[in-house]
Amino acid sequence: MKYLLVLLVIVVAANIWRHKRGARMGADAQASTRPGRSIAPPQDMVACAACGLHLPRADALSSSTARGRYFCCAEHRDASGER
Ligand SMILES: [Zn+2]
C-alpha cells in the first residue's frame, strides 16, 4: 500500500510537470507566430558615384542627366557636375 501511494504521487507530479511544460511551449509557439513582428523586406542599395557610400535607393539622390548614377547628398551631386 505504501508503494502504491508513492507511485500515485510520482504520477501526479509527472502530470503537473508535463502540463506546465506544454503550456509554456504553447506560449512560445504563439509568440513566434504573432502578427506585426515580420522583418521588413530588403531594400535595393546603391553606391554614391562621388564617394562610394552605400545607401538605400529610396534615400539616394539621382541625377537627371546621367541615369543610373546615385549620390548620397546634394553636395556630391553638384560636385560631380550633374544636376
Ligand atoms: Zn557621396
Side-chain angles (χ1 to χ4, degrees):
M1 189 64 197
K2 199 170 86 180
Y3 293 111
L4 193 67
L5 193 68
V6 169
L7 187 71
L8 186 73
V9 168
I10 288 171
V11 167
V12 167
N15 268 336
I16 290 169
W17 177 74
R18 204 186 319 167
H19 182 75
K20 277 186 177 175
R21 204 174 67 144
R24 200 178 337 133
M25 288 174 103
D28 287 351
Q30 225 174 15
S32 64
T33 57
R34 193 180 300 155
R37 280 276 183 112
S38 61
I39 303 166
Q43 296 183 27
D44 281 349
M45 299 295 280
V46 292
C48 173
C51 68
L53 177 80
H54 284 78
L55 67 161
R57 189 192 298 268
D59 295 343
L61 299 171
S62 61
S63 65
S64 55
T65 53
R67 292 195 70 81
R69 293 184 74 184
Y70 294 93
F71 301 93
C72 66
C73 57
E75 285 80 27
H76 285 172
R77 183 188 61 195
D78 294 348
S80 71
E82 295 176 12
R83 286 276 167 169

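Sequential numbering from 1 along the given sequence is applied to the chain's residues. Remember, it's a predicted structure, so these values are computed and weren't measured experimentally. First listed ligand is number 1; within each ligand, the first listed atom is number 1.
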Q. Tell me, which pairs form a salt bridge (charged side-chain N to carboxylate O under 4.0 Å, His left out) where one or both residues lie in residues 10-19, sequence neighbours left out?
A.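 Residue pairs passing salt bridge (charged side-chain N to carboxylate O under 4.0 Å, His left out), neighbours aside: none found.
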Q | Sidechain-backbone polar pair: H54 side chain, G52 backbone, donor-acceptor under 3.5 Å | A |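 Answer holds: yes.
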Q) Between CD of E75 and CG of L61, what distance do you get to the nearest 0.5 Å? A)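 Going from CD on E75 over to CG on L61, the span is 9.5 Å.
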Q: Please round to the nearest 0.5 Å and tell me the distance separating atom SG of C72 and atom CG of D59.
A: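 Answer rounded to 0.5 Å: 11.0 Å.
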Q.
Tell me how many protein N, O or S atoms are within a distance shorter than 2.8 Å of the Zn ion (ligand 1).
A.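 Protein N, O or S neighbours of the Zn ion (ligand 1) under 2.8 Å, waters not counted, come to 4.
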Could you tabulate the donor-acceptor pairs under 3.5 Å formed by side-chain atoms of residues 41-49, not counting sequence neighbours?
none

Q. Which atoms form the tightest heavy-atom contact between R77 and S62, and what is the distance?
A.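 Scanning both residues, the minimum pair turns out to be CD-O, 4.5 Å.
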